Amino acid sequence: MLSPLPRLAAVALVGVDVANAAYSIATVADIKKTSADIAFDMMQYYKGNLTGQTPGILPGPPPAGDYYWWEAGAMWGALIDYWRFTGDASYNDVITQALLWQVGPGQDYMPLNVTASLGNDDQGFWGMTAMTAAENNFPNPPADQPQWLGLAQAVFNTQANPDRHDKTCNGGLRWQIPPLNNGYNYKNSIANGCFFNLGARLARYTGNKTYADWAETTWDWMRGVGLMDDNYSIHDGAHVETNCTDINNAQFSYNSGVFVLGAAHMYNYTDGSPVWKDRLDKLLNATLVRFFPDNIAFEPACEDQMSCTTDMLSFKGYVHRWLSITTQIAPYTAPVILPVLKTSAEAAVQTCTGEQNGRMCGFSWKKKKYDGSHGVGQQMNVLGAVSSLLIEQPGKAPVTNSTGGTSKGNPNAGSQSDSFTHDKPVTTADKAGAGIVTFLLAASTLGTFVWMGIGK
Ligand SMILES: *[C@@H]1O[C@H](CO)[C@@H](O)[C@H](O)[C@H]1NC(C)=O
Ligand SMILES: *[C@@H]1O[C@H](CO)[C@@H](O)[C@H](O)[C@H]1NC(C)=O
Ligand SMILES: *[C@@H]1O[C@H](CO)[C@@H](O)[C@H](O)[C@H]1NC(C)=O
Ligand SMILES: *[C@@H]1O[C@H](CO)[C@@H](O)[C@H](O)[C@H]1NC(C)=O
Ligand SMILES: *[C@@H]1O[C@H](CO)[C@@H](O)[C@H](O)[C@H]1NC(C)=O
Ligand SMILES: *[C@@H]1O[C@H](CO)[C@@H](O)[C@H](O)[C@H]1NC(C)=O
Ligand SMILES: *[C@@H]1O[C@H](CO)[C@@H](O)[C@H](O)[C@H]1NC(C)=O
Ligand SMILES: *[C@@H]1O[C@H](CO)[C@@H](O)[C@H](O)[C@H]1NC(C)=O
């Protein structure tokens, strides 16, 4: 971690306010320079390539450090997009080392170290990052190593396994994968959203209908169980004990974003079918209305109270990137989406005047000034918002296997996977780790939906 707030001392020392003017995003060159600085500052938090550290992960999981395993997987995706948008390959070797180190024994992003808090969403974020690598022809690993497309397929295949789709709540994925984990009794939108997103993208990339069928099934399940309601609001999750009738109404931007990008891919895969256009239109509208008030990204469940967890502090950046890519996959959405993302990014960079270097980014963009909060999520958010402004530059559309994609696939990847049917007891230390909605879980374990107060 960067040490907090030595800035006052610095001011006293030089006798002037060290606060930078906010970054410029006025030109393509400005956007590249700004993105480079923000990425550099983000990477100061990463220690995994230093001697004695574990490649691929951020300091954590709590209490060892702030970050759960999934967030590093998400960060490598942000950096692949950074490379694809700006052309700066500075981090490519670090990214590759990280993505290959964490594949786990089944080469499916279920490394043993994280078993005790391994959710379908955690695995899904690493899988989506591998998919991003394939879709952008990120340099392929050596031939004797797992390949990006194969890794994405492995994650998908393990999640499509019948073991993970029991009959409670009429189907759907649970949050946690191992049955003994806290949270195995919760079926949530982000776990199913990652699976949907990956299925839709694999369908477009490979042309294989099996993936599209699963995406359809997952969408129908979300609608049927009510996690995506008639207004296209997406609710966090529900418990199997109630057949998923105790819906937790907390709404997070990444849930909507992950489904928007998937729906755009289904729209594209179906050659612009009216059904998927209608779904995409309505979901996109609901997303912009709820999460971009005044056209600035906002996390309604926690931002005003500054009660966002470390996880939640990273959602805005994914949503920016996913919406920007949506404009390539469903080009008719560009006039609706791009002006919003631009206004939002302009607010975002105005928060980047914090901490000792005078340019760390804050979280609450609508304040248009640094709000005292900094970390990987805050940097990754603004990095995503700024770098993805380059989406309109030529050649930024994701490729497919038939339009130049070079990553090698394996339709049967993930079949060596651990099904966890022989579950071993988890250790207390392991249990300290948890997944994305840990605080929701703690609350429901206590039998009181404390989280309901959080959005008020
Ligand atoms: C670790 O990665 C950073 C990029 O974030 C790079 O500058 C540095 O050289 C790497 N260190 C080692 C030991 O590989
Ligand atoms: C698992 O943890 C050990 C001990 O910290 C570490 O050496 C190893 O690299 C980790 N494995 C992965 C895949 O992160
Ligand atoms: C559980 O809910 C689903 C709808 O999500 C419904 O089809 C099913 O009948 C319900 N099962 C029970 C046992 O109530
Ligand atoms: C949808 O929105 C309308 C108007 O705001 C509201 O009356 C209705 O209750 C909402 N439906 C659901 C399922 O939330
Ligand atoms: C599908 O995506 C491609 C970009 O990869 C785009 O050119 C095409 O117009 C999209 N199809 C539809 C129906 O929008
Ligand atoms: C978008 O949603 C808002 C609020 O739910 C609604 O008033 C508006 O008509 C919708 N616009 C479109 C284009 O669907
Ligand atoms: C991908 O494209 C290559 C070369 O065009 C072809 O050999 C391969 O069969 C394709 N794979 C799939 C899954 O369609
Ligand atoms: C399509 O994907 C499914 C699911 O992974 C796989 O079983 C099947 O072999 C694939 N078909 C082709 C033609 O690759």
Side-chain angles (χ1 to χ4, degrees), residues 36-59 72 75-76 78-80 82-84 88-99 101 134-137 200-201 203-207 212 222-235 245 247-251 256 261-286 289-290 324-337 376 379-380 383 391-392 394-405 455:
D37 287 349
I38 295 170
F40 179 88
D41 290 342
M42 179 175 79
M43 287 301 278
Q44 301 315 301
Y45 293 90
Y46 179 61
K47 309 293 181 202
N49 67 343
L50 303 182
T51 308
Q53 302 287 318
T54 302
I57 63 172
L58 286 162
M75 184 178 82
W76 306 121
L79 284 168
I80 291 171
Y82 166 73
W83 160 76
R84 152 276 266 272
D88 177 6
S90 303
Y91 302 106
N92 285 11
D93 289 346
V94 181
I95 297 168
T96 300
Q97 180 198 37
L99 290 181
W101 192 274
E135 289 166 339
N136 294 290
N137 275 333
R201 289 162 70 182
R204 174 176 176 272
Y205 189 98
T206 65
M222 287 287 296
R223 293 284 287 121
V225 79
L227 287 179
M228 187 190 297
D229 70 23
D230 290 345
N231 294 332
Y232 291 78
S233 295
I234 302 184
H235 307 281
T245 55
I247 289 181
N248 168 352
N249 285 310
Q251 292 184 41
S256 292
L261 183 62
H265 278 78
M266 290 305 290
Y267 167 81
N268 195 285
Y269 171 77
T270 57
D271 278 328
S273 76
V275 169
W276 279 104
K277 179 171 189 304
D278 182 61
R279 291 170 173 176
L280 176 57
D281 282 342
K282 288 176 174 156
L283 179 59
L284 177 59
N285 185 23
V289 168
R290 176 166 290 273
S324 80
I325 297 161
T326 294
T327 68
Q328 294 286 318
I329 301 298
Y332 80 90
T333 61
V336 175
I337 291 177
V376 172
Q379 292 304 116
M380 181 158 53
L383 177 63
I391 191 81
E392 290 180 284
K396 300 304 176 197
V399 298
T400 69
N401 188 55
S402 56
T403 61

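FYI, side chains are in, hydrogens and waters are out, and symmetry mates aren't considered; it's all heavy atoms of this structure. Numbers for residues simply follow the sequence, beginning at 1. All ligand and atom numbering here is 1-based and tracks the order in the structure. Fair warning: this is a prediction, and the values are worked out from it, not measured in the lab.
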Check: For ligand 1, which part of Tyr46 has a heavy atom less than 4.0 Å away: the side chain, the backbone, both, or neither?
Finding: neither
Next item on the list: Rounded to the nearest 0.5 Å, what's the gap from CD1 on Ile337 to CD1 on Ile391? Could you check?
Entry: 10.0 Å
Notebook entry, point to check: Distance from Ile234 atom CD1 to Met222 atom CE, nearest 0.5 Å?
Noted result: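 Going from the CD1 atom of Ile234 to the CE atom of Met222 covers 5.0 Å.
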Check: Of all residues at least two apart in sequence or in a different chain, which pass the side-chain hydrogen bond (donor to acceptor under 3.5 Å, both in side chains) check with Asp230?
Finding: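 Counting only residues at least two positions away or on another chain, Asp230 forms a side-chain hydrogen bond (donor to acceptor under 3.5 Å, both in side chains) with Arg223.
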Notebook entry, point to check: Taking only residues two or more places apart in sequence, or in another chain, which ones meet Lys277 in a side-chain hydrogen bond (donor to acceptor under 3.5 Å, both in side chains)?
Noted result: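 Expected list: Asp281.
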Run the numbers for me: atoms of ligand 5, each under 4.0 Å from some heavy atom of [X], listed by number.
X: Asn268; result: 1 (C), 2 (O), 3 (C), 8 (C), 10 (C), 11 (N), 12 (C)
X: Pro331; result: 9 (O), 14 (O)
X: Arg204; result: 4 (C), 5 (O)

Next item on the list: Just jot down the ring-ring contact (aromatic ring centres under 6.0 Å, His included) partners of Tyr46, sequence neighbours excluded, or say none.
Entry: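 Applying ring-ring contact (aromatic ring centres under 6.0 Å, His included) to Tyr46 gives Trp76.
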Check: Does Tyr267 have a non-hydrogen atom less than 4.0 Å from ligand 5?
Finding: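 So Tyr267 counts as touching ligand 5.
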For the pair [X] (side chain) and [Y] (backbone), establish whether a donor and an acceptor sit closer than 3.5 Å, ignoring hydrogens and angles.
X: Asn231; Y: Ser233; answer: no
X: Asn137; Y: Gly404; answer: yes
X: Gln328; Y: Ser324; answer: no
X: Arg84; Y: Lys396; answer: yes
X: Thr403; Y: Val399; answer: no

Next item on the list: Under 4.0 Å, heavy atoms only, figure out whether ligand 5 is touched by the backbone of Ile329, its side chain, both or neither.
Entry: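 Only the backbone of Ile329 comes within reach of ligand 5.
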Notebook entry, point to check: For ligand 1, which atoms sit closer than 4.0 Å to a heavy atom of Tyr91?
Noted result: 4 (C), 5 (O)
Margin query: Please list, in number order, the atoms of ligand 1 under 4.0 Å from a heavy atom of Met43.
Written below: 5 (O)
Check: Any chance CD of Glu392 has more than 12 other-residue heavy atoms, nucleotides or ligands included, within less than 6.0 Å?
Finding: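 It does not: Glu392 CD has 12 such atoms or fewer within range.
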Next item on the list: Write down, by chain and number, every protein residue that brings a non-hydrogen atom to less than 4.0 Å from an atom of ligand 4.
Entry: Asp229, Asn231
Next item on the list: Could you tell me whether some N/O pair between Asn49 and ligand 1 is separated by less than 3.5 angstrom?
Entry: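 Checking ligand 1 against Asn49, an N or O pair does fall under 3.5 Å apart.
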Notebook entry, point to check: Quick one: does Leu50 get within less than 4.0 Å of ligand 1, heavy atoms only?
Noted result: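 Per 4.0 Å heavy-atom rule, Leu50 does not contact ligand 1.
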